[in-house]
Amino acid sequence: MGLTVSALNAAIDRAAAAAREAEAELNAADARMGDGDTGVTVRRLFDALAGAKPEDRDLGDAFAALARTCSGATGSSLGTLVTVAMMTLAKPLKGKEELPWAELSDHLADVRDRMLARGGAELGDKTMVDMLDAIVTATRGIDDPARLGQVAMDAASETLAAFRDRPNRIGRARMFADRTVGQDDPGMLALHRLLTATVATEASDA
Amino acid sequence: MGLTVSALNAAIDRAAAAAREAEAELNAADARMGDGDTGVTVRRLFDALAGAKPEDRDLGDAFAALARTCSGATGSSLGTLVTVAMMTLAKPLKGKEELPWAELSDHLADVRDRMLARGGAELGDKTMVDMLDAIVTATRGIDDPARLGQVAMDAASETLAAFRDRPNRIGRARMFADRTVGQDDPGMLALHRLLTATVATEASDA
Amino acid sequence: MAKVMNTADAYVDELLDGLILTDPRLTRDGRAVTLAKGGRDGVAIVSGGGSGHFPLFVGYTAPGFIDGCAVGDVFAGPSVASCEATIRAADKGQGVLLLYGNYGGDRMNFDMAAEMVDLDGIRCETVLGTDDIASGSPEEAAKRRGVAGLVLLYKIAGAAADRGDDLDAVAATTRDAAAHTRSIGMATSACTIPGAAGPSFELGKGEMELGMGIHGEPGIWRDTLRSADDLADEMIQRLLADPVPAPTKRVALMLNSLGATPLEELLILYRRAAAKLKEQGIDVVLPAVGHFATSMEMGGLSMSMMYLDDAREALLRAPSDCRYWKV
Amino acid sequence: MAKVMNTADAYVDELLDGLILTDPRLTRDGRAVTLAKGGRDGVAIVSGGGSGHFPLFVGYTAPGFIDGCAVGDVFAGPSVASCEATIRAADKGQGVLLLYGNYGGDRMNFDMAAEMVDLDGIRCETVLGTDDIASGSPEEAAKRRGVAGLVLLYKIAGAAADRGDDLDAVAATTRDAAAHTRSIGMATSACTIPGAAGPSFELGKGEMELGMGIHGEPGIWRDTLRSADDLADEMIQRLLADPVPAPTKRVALMLNSLGATPLEELLILYRRAAAKLKEQGIDVVLPAVGHFATSMEMGGLSMSMMYLDDAREALLRAPSDCRYWKV
Ligand SMILES: Nc1ncnc2c1ncn2[C@@H]1O[C@H](COP(=O)(O)OP(=O)(O)O)[C@@H](O)[C@H]1O
Ligand SMILES: Nc1ncnc2c1ncn2[C@@H]1O[C@H](COP(=O)(O)OP(=O)(O)O)[C@@H](O)[C@H]1O
Ligand SMILES: [Mg+2]
Ligand SMILES: [Mg+2]
Ligand SMILES: [Mg+2]
Ligand SMILES: [Mg+2]
């Protein structure tokens with residue numbers, strides 16, 4: 001068993017619903033340190049993805065299509081990092097209809113590296129990439145989807161808690177880093193909420 | 001006994017003090033049907049007049065000087081009508097050091113007519129000119145300054161009450177004349193407040 | 001909203017100081033501002049009005065527009081003395097067109113000033129901006145107030161004077177243009193006069209009012225949240241329904257922010273307004289979208305329309321050089 | 001304050017529809033707007049950024065300024081796809097200068113777009129607006145964000161391209177101008193993103209904040225009611241204290257309303273700012289007072305200063321034809 005396009009599509013639907021639900025919460029989190037739009041960004045992005053779910057069975061083509069949708073649907077940092085993620089996954093999965101769960105972590109490691117290269121952040125800056133990094137480490141080699149989901153969620157929750165009292169170090173937020181102490185990074189919070197919804201999907205699909 | 005420049009100067013001081021006190025009330029009255037500035041207009045106007053009190057003993061020259069001050073100090077309708085009043089009084093009083101109280105009404109009748117000609121309002125439109133008209137009529141021939149003051153004040157109060165439930169018929173207020181029913185005209189209210197202060201002056205000077 | 005100012009009483013004089021510094025062509029004598037350099041030789045155009053509407057009125061003291069402007073306190077008319085000083089400074093011996101909005105105080109003041117300069121042989125003609133259709137019924141059109149449409153009249157009058165028309169001709173052309181100009185405004189939030197404790201009226205959150213005056217005078221209706229398309233439709237319908245002598249199928253359309261409303265929202269409204277006009281076979285040949293006549297930080301906008309014939313279109317397109325006019 | 005709009009999701013597309021209608025020189029392909037008529041043949045200048053700052057960014061798509069603009073949602077960057085489409089549409093075979101504000105999302109998107117068009121042989125150079133001194137210390141100058149100073153850079157880049165400079169030269173000239181441009185802003189009231197329940201921050205009545213970002217990002221201090229003179233002094237002092245490579249004694253000074261703050265108040269502030277500069281022996285040769293880069297209905301203003309040498313002054317004075325730029 002592994003990740004297929006149909007599982008991916010189900011996950012996108014769940015994520016889109018979760019994004020709608022979390023919109024206000026994420027906007028509020030971003031308003032405390034950024035421009036207050038993380039919620040609307042994520043909601044619009046996943047609405048667009050849900051409206052253009054790939055029909056192909058080829059995972060690489062599916063991720064390429066999702067990357068195209070993302071690249072036209074949003075211009076926010078978070079949205080563009082999601083585009084980067086889709087593009088990164090598209091190439092190695094070209095021609096494959098299924099990605100074994102045990103290999104997911106390695107692909108996410110590539111995604112993390114591309115995001116850091118593109119966005120210029122470093123690990124520890126308190127961004128969604130820190131959360132992704134924790135997930136990569138925690139899920140390495142796990143091939144049971146239910147456990148993988150649980151471990152990923154635990155890693156996400158722990159990262160959120162671990163970074164809460166650290167200062168943000170990128171973007172405008174770094175100018176008043178002190179005031180970000182005690183606050184969740186909106187990107188991390190978004191990833192956490194989406195992951196929660198997505199993992200539920202995978203679990204029920206598994 | 002009659003009106004002299006020194007009595008005039010004392011009256012201006014009293015009026016200026018009254019204008020400062022009534023500023024908020026007059027602004028509020030104007031806000032209900034106009035642009036909300038009658039109070040500040042009247043306050044600035046009388047501040048300017050009080051700061052440029054005529055030194056001349058010639059009443060005509062004194063009114064001419066006041067007219068010049070007015071003409072530079074304000075551009076509001078009310079202020080300009082005061083300028084008109086000063087100009088109207090300047091000509092016939094040229095060379096006189098005292099105006100017998102019994103003749104005041106006739107001069108105010110000229111003022112009223114010039115104001116109507118200049119402003120284009122008609123009697124009954126619910127403006128300060130209606131109040132002036134009532135004062136002219138009520139004070140005709142009275143030569144005791146204390147009685148003259150009392151009669152003028154009574155006429156002013158009665159006019160205010162008589163017009164309160166009638167609609168305004170000039171300027172923007174005429175567009176929603178219904179809504180001006182039950183409201184005092186701000187210019188009338190101003191004249192009433194200033195007169196109250198001025199009459200007190202004359203009474204104590206008399 | 002905090003005002004960026006020093007004292008309320010210094011507001012107007014200090015802003016005029018700033019204006020003169022940004023434009024070396026202007027000179028100022030108290031509240032009389034004149035175009036000292038780059039102006040025309042013929043008929044002078046003089047305007048005036050209260051402050052708080054910038055760039056109206058004084059901002060249009062520029063080549064191709066007006067030669068001088070008498071400046072009043074915020075939302076108050078210019079004083080008689082400043083009207084007189086402006087007329088004297090602007091006159092080039094060919095007479096002066098007094099072109100301003102139809103407000104009671106302003107009329108009295110300019111009339112008095114005109115009588116005074118007449119004694120010295122300076123001839124004045126008066127044309128009044130009366131474009132605000134919400135301030136009077138068609139039967140009372142002469143009593144209507146002037147709003148943003150006045151800017152279009154400045155351009156007409158200035159171009160007519162620039163081409164050498166004499167005073168009577170400039171006045172006649174401008175008067176005819178005024179008869180073909182209509183405006184309607186709507187407000188979404190109030191403004192505060194410097195020094196006042198608060199705004200002289202309040203609109204609730206999400207409320208708007210159609211036909212409100214530029215000083216906050218009550219309008220035709222107050223309602224919550226209508227869509228831009230709905231507003232555009234009603235404004236266009238009301239403008240077109242108002243009779244003019246000889247309506248044409250070509251218009252200049254000005255969408256003017258009263259202050260806080262962003263130009264983005266004017267563009268959204270413009271899109272629909274132009275489409276509505278097209279439905280009626282009317283072309284917008286001169287679109288103008290910007291801050292032309294404001295009420296400080298008031299939210300809202302006005303829509304002005306001038307029916308054009310070839311002559312008026314040519315005058316509106318004639319060269320000019322005012323930094324607050326670019327269409 | 002009520003927004004004049006239809007739906008939040010249609011806000012940007014409808015305003016672009018309106019924009020295209022008011023300017024027949026422009027064409028639009030989704031969120032990519034280009035100058036189809038009247039543009040230059042040489043190096044193309046492309047910009048982009050979020051909506052809600054009009055006339056920044058897309059309003060400067062005009063002769064003498066930028067050739068194309070990628071348009072994002074309100075306060076969000078332009079998508080990668082729109083950046084790519086704009087670059088392709090604007091390119092005339094002489095390469096493209098990507099000139100935009102230093103925001104994380106925008107950089108990522110333009111970088112990705114540049115990599116894509118590079119595959120087809122379109123060469124891009126990037127210059128970032130980093131003028132906001134409140135968004136980073138002098139040591140971190142490269143991380144600073146771009147605000148209204150970007151408009152001055154558009155003018156520099158456009159004029160350099162107009163005189164026929166090649167891509168490397170246009171980029172070098174613009175980069176040098178950016179190194180000589182500094183801005184600081186202050187806000188007096190917030191704005192609301194279309195569709196949001198309310199503003200993402202609140203300033204109390206009579207409160208102001210220095211250094212606040214154009215999306216409402218927190219500033220340097222928040223205080224009640226400072227006088228305009230006091231503000232001008234502090235802004236000028238902070239701008240002058242910020243190091244630039246070779247400061248000159250001549251500057252372009254731009255006072256920009258963030259939206260609701262009336263130009264009257266900018267002029268009051270200008271008066272003092274120019275006097276303060278004069279005390280330091282610095283002349284303002286190019287004053288610009290207006291709405292150049294807004295945050296919808298936000299109250300407040302920004303002050304931008306570009307140190308000029310003869311070359312930069314000539315470029316700023318070169319002919320151009322943008323209806324949102326008149327100095
Ligand atoms: N350069 C970057 N590298 C990694 N993550 C980033 C970067 N910039 C932003 N993010 C993430 O995106 C989140 C903000 O997303 P969002 O509000 O949608 O974008 P924007 O900052 O464009 O408004 C941040 O909380 C952070 O987690
Ligand atoms: N044309 C006029 N004729 C007579 N009185 C007038 C006229 N216009 C205004 N007024 C008087 O002036 C008052 C308004 O004064 P004010 O608010 O200071 O002037 P403005 O209308 O210029 O704001 C009105 O209430 C009315 O009494
Ligand atoms: Mg954000
Ligand atoms: Mg009034
Ligand atoms: Mg008034
Ligand atoms: Mg954003």
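So you know, we letter chains A, B, ... as the sequences are listed, proteins then strands, and number each from 1.
Comparing C:S227, C:G198, C:P55, C:P194 by how many heavy-atom pairs each has under 4.5 Å with chain D, the most go to C:S227. With chain D as the partner, the residue from C:P24, C:A260, C:G206, C:G290 showing the most heavy-atom pairs under 4.5 Å is C:A260. Of the listed residues (C:S51, C:A232, C:G52, C:S257), the one with the most heavy-atom contacts under 4.5 Å to chain D is C:G52. Of all the listed residues (C:H53, C:K3, C:M208), the one sharing the greatest number of non-hydrogen pairs under 4.5 Å with chain D is C:K3. Of the residues considered (D:H291, D:M298, D:M296, D:R226), D:H291 shows the highest number of contacts with chain C, using heavy-atom pairs under 4.5 Å.
Rounding to the nearest 0.5 angstrom, the gap separating the OH atom in C:Y270 from the CG atom in D:D17 is 12.5 Å. A distance of 10.5 Å separates CE in D:M1 from CG in C:L203, rounded to the nearest 0.5 Å. For the atom pair CD of C:E14 and CG of D:L269, the computed distance is 10.5 Å after rounding to the nearest 0.5 Å. Separation of atoms CD (C:E265) and CG (D:L15) is listed at 9.5 Å; rounding is to 0.5 Å. In this structure, D:L263 CG and C:T294 OG1 are separated by 7.0 Å, a value rounded to the nearest 0.5 Å.
Between the D:N6 side chain and the C:D229 main chain, a donor and an acceptor come within less than 3.5 Å of each other. The main-chain N or O of C:F54 is found under 3.5 Å from a side-chain atom of D:E264 such that the two form a donor-acceptor pair.
Interface remark: C:L21 contributes backbone and side-chain atoms alike to the contact with chain D (heavy atom separation under 4.5 Å). Using a 4.5 Å cut-off between heavy atoms, C:E207 touches chain D through its backbone atoms (N, CA, C, O) alone.
Residues of residues 320-327 of chain C lying under 4.5 angstrom from chain D, judged on non-hydrogen atoms, are C:D321, C:C322, C:R323, C:Y324, C:K326, C:V327 by number.
Summarising the geometry of C:A2 relative to D:L225, their closest heavy-atom pair is CB-CD1, 4.3 Å, with the distance given to 0.1 Å.
Partner of D:V4 under the side chain to side chain contact (heavy atoms under 4.5 Å, CB included) criterion, chosen from C:I268, C:L267, C:L301: C:L301.
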